[in-house]
Amino acid sequence: MTRLSVEMLAADTVEPITSAGHAQLGIAVLAGIAVIVLLITQFKLHAFLALTIGSLALGAFAGAPLDKTIVSFTTGLGATVAGVGVLIALGAILGKLLADSGGADQIVDTILAKAGGRAMPWAMVLIASVIGLPLFFEVGIVLLIPVVLMVAKRGNYSLMRIGIPALAGLSVMHGLIPPHPGPLVAIDAVKANLGITLALGVLVAIPTVIIAGPLFSKVAARWVDVPAPDRMIPTRASEELDKRPGFGATLATMLLPVVLMLSKALVDIIVDDPTHMVQRVFDVVGSPLIALLAAVIVGMFTLGRAAGFTKDRISTTVEKSLAPIAGILLIVGAGGGFKQTLIDSGVGQMILDISKDWSIPALLLAWLIAVAIRLATGSATVATISAAGLVAPLAADMSTAHTSLLVLAIGAGSLFFSHVNDAGFWLVKEYFGLSVGQTVKTWSVMETIISVVAGGLVLLLSLVI
């Protein structure tokens, strides 16, 4: 669905649904977020239900009629799923093809065969960053854990020296680089240019992942010097296959959507004429929907058929890829509903009015709001969606580049200090066999480094572009 269509869906709720003053709206926002936090952390309620209830609570505290609040929420949910739902589904299909065909194993084995000694942490960053492009963070962890454990055991490395770079590569991709759900929703919320956001995201991601990955892993390995845990290493997909895709074909398939989207951004800058045939062609092939769809179709041949999959096996792989993302789609959709309730309540305009008198830069404000919601809810995606809704009005007078930087500032803030209310925290703890304290010293500190470094780089870029 085009951005215009998404905007039309929300056209009925442009007018504020309440006439509450700034003080009441401020209290309503805090109360709505508090309800979400309480339901997620204390009552262990699914984030979809928590966001739905929190949106209704926000409207109630703001003094909005319940029927108008419901319309705002459902409109926002529908617009968000329409804008990014198909992209999330296509990304899941591509990731499943990559994993099941042995393509991910092929990339891992090829890079590891050419790396060793001091180069190994850098190889792990490269592997995680490439594999992390089409995969959700949790899927990436599950895929990379066997590799991390095997490399650490066979090479007699500290687990942190190998594990931290891999986690950093995955986390940076998840928080900053489309087509991951958080960045996509933020791009849609603030009406940013996807190609430019992707290009600037890569520019910010490279130094960030170097600092938080290979460099910090030296410190983390001294703080927490643990070997790879003695547990059964999961069977890799390629061990059950007679053959698997080649390295070049796999890498080209994974990078295809990125190349197409970046090409569109480049053509937009060079041609800068919406009526020009070249730009019109790239506007189509470089749109995220077409770019990801092309990668999926190509992947069915370069990954699925190359691994010897029959048509039925490919169909089964596609089918299995969609079931696990149902929860993600619902959370992202409900987050969009919460965002729209924030906007329609007049909260976005309130922040715009108040921030006019502040000396704090808009990008720093966006980062701080995302940090606060991340610390409270534990979810990077929820933090990104909510913060994007709150600061969307700030993008009205921004240039195209600065609007993209606003998305990256939100994404950076959403990664700040993962702790006990984040599912990723427990995933890392259990897989690596760490204590809670050791997980804080390594994983939580690494996430904070990513957030602060990426946020700082975004602010620096805003001074020069």
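When a residue number appears, it is its place in the shown sequence, counting from 1.
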message: Rounded at 0.5 Å granularity, tell me how far CD1 in Ile450 sits from CD1 in Ile211.
response: 10.5 Å
- prompt: When rounded to the nearest 0.5 angstrom, what distance separates OG1 in Thr250 from CG in Leu97?
  reply: 11.0 Å
- request: Specify the closest pair of heavy atoms between Pro178 and Pro183, including all atoms of both residues, with the distance to one decimal.
  value: N-CB, 4.0 Å
message: Quick one, Phe61 and Val29 - any side-chain contact, counting heavy atoms below 4.5 Å?
response: no
message: Quick check for you: to the nearest 0.5 Å, what is the distance between Ile162 atom CD1 and Tyr157 atom OH?
response: 5.5 Å
field: Over all atoms of both residues, closest heavy-atom pair of Ala370 and Ala383
entry: O-CB, 3.6 Å
- prompt: Are Val172 and Leu415 close enough that some pair of their side-chain heavy atoms sits under 4.5 Å apart?
  reply: no
message: How close do Val209 and Ser129 get, counting heavy atoms only, and between which atoms?
response: CG2-OG, 4.3 Å
- prompt: Taking C-beta and beyond as the side chain, do Leu194 and Met261 meet within less than 4.5 Å on heavy atoms?
  reply: yes
task: Please test Leu251 against Thr110 for side chain to side chain contact (heavy atoms under 4.5 Å, CB included), starting from the C-alpha separation and ending with a verdict.
output: CA-CA 11 Å; Leu251 188 63; Thr110 302; over 6 Å; no
query: Which residue pairs pass the salt bridge (charged side-chain N to carboxylate O under 4.0 Å, His left out) test when at least one of the two sits in residues 113-131, sequence neighbours left out?
result: none
task: Would you please name every residue forming a side chain to side chain contact (heavy atoms under 4.5 Å, CB included) with Ile53, sequence neighbours left out?
output: Val35, Leu39, Leu45
query: Residues in side chain to side chain contact (heavy atoms under 4.5 Å, CB included) with Leu30, at least two apart?
result: none
task: Just jot down the side chain to side chain donor-acceptor pair (under 3.5 Å) partners of Ser414, sequence neighbours excluded, or say none.
output: Thr384
query: Closest approach of Ala64 and Thr69, non-hydrogen atoms and distance?
result: CB-OG1, 3.7 Å
task: State the CD1-NE2 distance between Ile331 and His46, to the nearest 0.5 angstrom.
output: 4.5 Å
Test applied, side chain to side chain contact (heavy atoms under 4.5 Å, CB included); reference residue, Leu405; option that passes from Leu459, Leu457, Val458: Val458
task: For residues Ile36 and Ala50, report the shortest heavy-atom separation together with the two atoms involved.
output: CG1-O, 3.5 Å
query: Which residue pairs satisfy the side-chain hydrogen bond (donor to acceptor under 3.5 Å, both in side chains) criterion with at least one member in residues 200-222, sequence neighbours excluded?
result: Arg161-Ser217
- prompt: Considering only heavy atoms from C-beta outward, does the side chain of Met160 approach that of Leu434 to under 4.5 Å?
  reply: yes
query: Could you walk me through whether Leu126 and Val130 pass the side chain to side chain contact (heavy atoms under 4.5 Å, CB included) check?
result: CA-CA 6 Å; Leu126 182 59; Val130 172; 4.2 Å; yes
Pairs touching residues 440-465 that satisfy side-chain hydrogen bond (donor to acceptor under 3.5 Å, both in side chains), sequence neighbours left out: Ser171-Glu447, Trp367-Ser451, Arg374-Glu447, Ser418-Trp443
query: Nearest 0.5 Å, what's the CD1-OG distance between Ile465 and Ser399?
result: 7.0 Å
field: Check: Thr197 and Leu408 side chains under 4.5 Å, non-hydrogen atoms
entry: yes
field: Residues forming a side chain to side chain donor-acceptor pair (under 3.5 Å) with Thr341, sequence neighbours excluded
entry: none
query: Does Val464 reach the side chain of Leu460, with side-chain heavy atoms less than 4.5 Å apart?
result: no
task: Determine whether Val371 and Phe417 make a side-chain contact, defined as any pair of heavy atoms from C-beta on separated by less than 4.5 Å.
output: no
- prompt: Which residue pairs pass the salt bridge (charged side-chain N to carboxylate O under 4.0 Å, His left out) test when at least one of the two sits in residues 450-465, sequence neighbours left out?
  reply: none
Side chain His402, main chain Ala395, donor-acceptor under 3.5 Å: no
field: Set of side chain to side chain contact (heavy atoms under 4.5 Å, CB included) partners for Ala199, sequence neighbours left out
entry: Leu262
Verdict with supporting geometry, Leu90 and Leu289, side chain to side chain contact (heavy atoms under 4.5 Å, CB included): CA-CA 8 Å; Leu90 289 172; Leu289 173 62; 3.8 Å; yes
- prompt: Could you state the interatomic distance from CZ (Phe432) to CG (Leu167), rounded to the nearest 0.5 Å?
  reply: 4.5 Å
statement: Ala295 and Pro257 have their tightest heavy-atom pair at CB-CD, 3.6 Å
- request: Return the set of residues passing side chain to side chain contact (heavy atoms under 4.5 Å, CB included) with Ile177 (not counting sequence neighbours), or none when no residue passes.
  value: Leu133, Met173, Leu198, Val202, Ala205
query: Do Asp344 and Thr75 touch side chain to side chain, with heavy atoms closer than 4.5 Å?
result: no
- request: List the steps, then state whether side chain to side chain contact (heavy atoms under 4.5 Å, CB included) holds for Lys429 with Val436.
  value: CA-CA 7 Å; Lys429 175 189 177 299; Val436 169; 3.8 Å; yes
